[in-house]
Amino acid sequence: MPSSSDAAMATFIRGLPKAELHIHLEGTLEPEMVFALAARHGVGLRYPSVDALRRAYAFHDLQSFLDVYYAGADVLRDEDDFRSMTAGYLRRAHADGVVHAEIFFDPQMHTRRGVAFETVIRGIGSALAAAQAEFGITTRLILCFLRHLPAADAMRTLEEALPYRDAICAVGLDSSEMGNPPSRFAEVFRRARDEGWLAVAHAGEEGPPEYIREALDMLHVARIDHGVRCEADDALCRRLAAEGVPLTVCPLSNVKLGVFARLQDHNLKRLLDRGLRITINSDDPAYFGGYIAENFSATQRALGLTRGDVVQLARNSIAASFLPESAKLAWLARIDAYAAAH
Ligand code: ADE
Ligand code: ZN
């Protein structure tokens, strides 16, 4: 049962300025919105109610989740749908103390269903602008390629994105990891970097440490998404610490998808104590039962993180972001001032 000191820590966490660096926009589509959009577009759903849909969110690995995740996104049809979903996430993120969010979107999920790239990016973009005006929250967009599809498909998607070059900050790599190594996308990522985009990639969520090395050496990523399986390779851990490579870790996601059996078994604290630049993120919060503050609080309780650890995790999130140096320094000072005052 949560104690009053747990409640005080949860309040401290919620008010702590932080960046979210690993959030899939399509993973913020709450069951209530699935039903509302399905009704709006006359789309039939396999589930009779919001509760029944929520009960179906029982996964045993990444693929069992992805099958449900791709099906859920079918209700996203027009610009307003993408605007509403994005606005819903940003409202929740702001309430959790997120001051800056670097947001993944999966255009191939939509273009394959006949929804135009322009529809997706215009809907998302209008919500990003509105949230910055309303909450002061800053954002970046990261275009993710689906790695279970051919590299040629990713290259076509990259070309479709070129007219919106300035709306996008980086490219990423997600979807089914096993059997889809980063090396398959070396050419696509080279082109993306030539076009001026930064790069990140999911690696070492279910896949082996070798995929983390490939992402670093062949895709030249600035961050590794997940990366928790690095622990099986001591030399890789030493390299990640020495090079200050950020890992965007998603604790509740890892438990829901069976990467760790229980949150108490998560290696986040061990990696943090080895000097890796760890951040906490929510991945697909509509499916995994918690937005970023809940990820912080649940992990803090399960692993006995100190207040110092929690502040370090918030500092890491800003340091690992793609914000300009001046903004990073300003937020780091705000974090320290908050910690000193609370
Ligand atoms: N797409 C959405 N969530 C994902 C995850 N946890 N791993 C890989 N691809 C994803
Ligand atoms: Zn992810």
Side-chain angles (χ1 to χ4, degrees), residues 19-30 34 57-74 76 85-86 89 93 101-112 120 124 140-149 153-154 157 170-182 184-185 199-208 211-212 214-215 219 221-230 246-260 263 266 268 278-292 295 299 317 320:
E20 176 144 64
L21 306 178
H22 186 155
I23 175 80
H24 299 263
L25 205 43
E26 294 87 348
T28 71
L29 187 59
E30 291 283 345
V34 170
Y57 292 176
F59 314 113
H60 54 275
D61 62 6
L62 176 56
Q63 193 59 51
S64 64
F65 156 68
L66 290 170
D67 293 342
V68 174
Y69 168 78
Y70 294 134
D74 185 46
L76 295 162
M85 174 175 64
T86 309
Y89 164 65
E102 300 188 352
I103 303 172
F104 299 135
F105 72 118
D106 285 325
Q108 287 156 294
M109 269 170 84
H110 313 301
T111 52
R112 288 168 72 78
V120 177
I124 296 172
R140 300 284 186 276
L141 274 183
I142 301 176
L143 184 167
C144 277
F145 301 115
L146 298 179
R147 68 201 307 161
H148 69 277
L149 299 177
D153 224 273
T157 303
V171 294
L173 188 66
D174 64 1
S175 189
S176 322
E177 186 179 10
M178 295 302 279
N180 294 308
R184 273 218 298 124
F185 295 88
V200 299
H202 283 55
E205 177 184 17
E206 287 186 339
Y211 284 15
I212 300 175
E214 283 190 12
L219 307 187
V221 298
R223 299 193 293 251
I224 296 288
D225 297 313
H226 293 293
V228 291
R229 294 209 51 214
C230 68
L247 302 191
T248 64
V249 175
C250 306
L252 292 179
S253 161
N254 290 155
V255 173
K256 287 282 181 187
L257 302 189
V259 176
F260 297 95
L263 199 49
H266 203 288
L268 181 143
I278 303 298
T279 65
I280 285 189
N281 307 270
S282 65
D283 207 8
D284 301 284
Y287 293 91
F288 299 150
Y291 284 77
I292 191 170
N295 271 271
T299 307
S317 73

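Counting convention: from 1, in listed order, for ligands and their atoms alike.
- Atom 9 (N) of ligand 1 has S175 N, 2.8 Å as its closest protein atom, hydrogens excluded (heavy atom only).
- Scanning the protein for heavy atoms near atom 1 (N) of ligand 1, the closest one is H24 CE1, 3.5 Å.
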Residues R223, T279; criterion side chain to side chain contact (heavy atoms under 4.5 Å, CB included); working and verdict: CA-CA 11 Å; R223 299 193 293 251; T279 65; over 6 Å; no

Stepwise side chain to side chain contact (heavy atoms under 4.5 Å, CB included) check, N180 with S175: CA-CA 9 Å; N180 294 308; S175 189; over 6 Å; no

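- Of all atoms in ligand 1, listed by their number and element, those nearer than 4.0 Å to a heavy atom of F65 are 2 (C), 3 (N).
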Under 3.5 Å, sequence neighbours excluded: what are the donor-acceptor pairs made by side chains of residues 249-258?
{"residue": "S253", "atom": "OG", "partner": "D283", "partner atom": "OD2", "Å": "2.7"}
{"residue": "N254", "atom": "OD1", "partner": "H266", "partner atom": "NE2", "Å": "2.8"}

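- Near E205, the atoms of ligand 1 lying under 4.0 angstrom from a non-hydrogen atom of the residue are 5 (C), 6 (N), 7 (N), 8 (C).
- Below 3.5 Å of separation, one finds no N or O of S253 facing any N or O of ligand 1.
- Each of the following atoms of ligand 1 lies closer than 4.0 Å to a heavy atom of H226: 6 (N).
- Under the 30°/60° scheme for interplanar angles, the aromatic rings of H202 and F104 are found to be tilted.
- Annotation: D106 places no N or O atom under 3.5 Å from an N or O atom of ligand 1; distance criterion only.
- A distance-only check finds no donor-acceptor pair linking the side chain of E206 to the backbone of D61 [under 3.5 Å].
- Outside the 6.0 Å centre-distance limit, the rings of Y287 and H24 are not counted as a close aromatic pair.
- Taking 4.0 Å as the cut-off between side-chain N and carboxylate O, R229 and E177 do not count as a salt-bridged pair.
- For atom 3 (N) of ligand 1, the closest non-hydrogen atom of the protein is D284 OD2, 2.7 Å.
- L173 approaches L219 most closely through the heavy-atom pair CD2-CD1, 4.1 Å.
- In this model, no donor atom of one side chain and acceptor atom of the other lie less than 3.5 Å apart for D284 and Y57.
- No heavy atom of E177 sits closer than 4.0 Å to any atom of ligand 1.
- The shell of residues lying under 4.0 angstrom from ligand 1, judged by heavy atoms, includes L66.
- The contact set between ligand 1 and D283, taken as ligand atoms under 4.0 Å from a residue heavy atom, comprises 3 (N), 5 (C), 6 (N).
- Contact detail for E214 and P181: the closest heavy-atom pair is OE1-CB, 3.4 Å.
- Of all protein N, O or S atoms, those under 2.8 Å from the Zn ion (ligand 2) number 4.
- Atom numbering of ligand 1 starts at 1 in the shown order; those under 4.0 Å from a heavy atom of Y69 are 1 (N), 2 (C).
- No donor-acceptor pair under 3.5 Å is formed between the side chain of E26 and the backbone N or O of A73.
- Y211 has its ring centre no less than 6.0 Å from the ring centre of H226.
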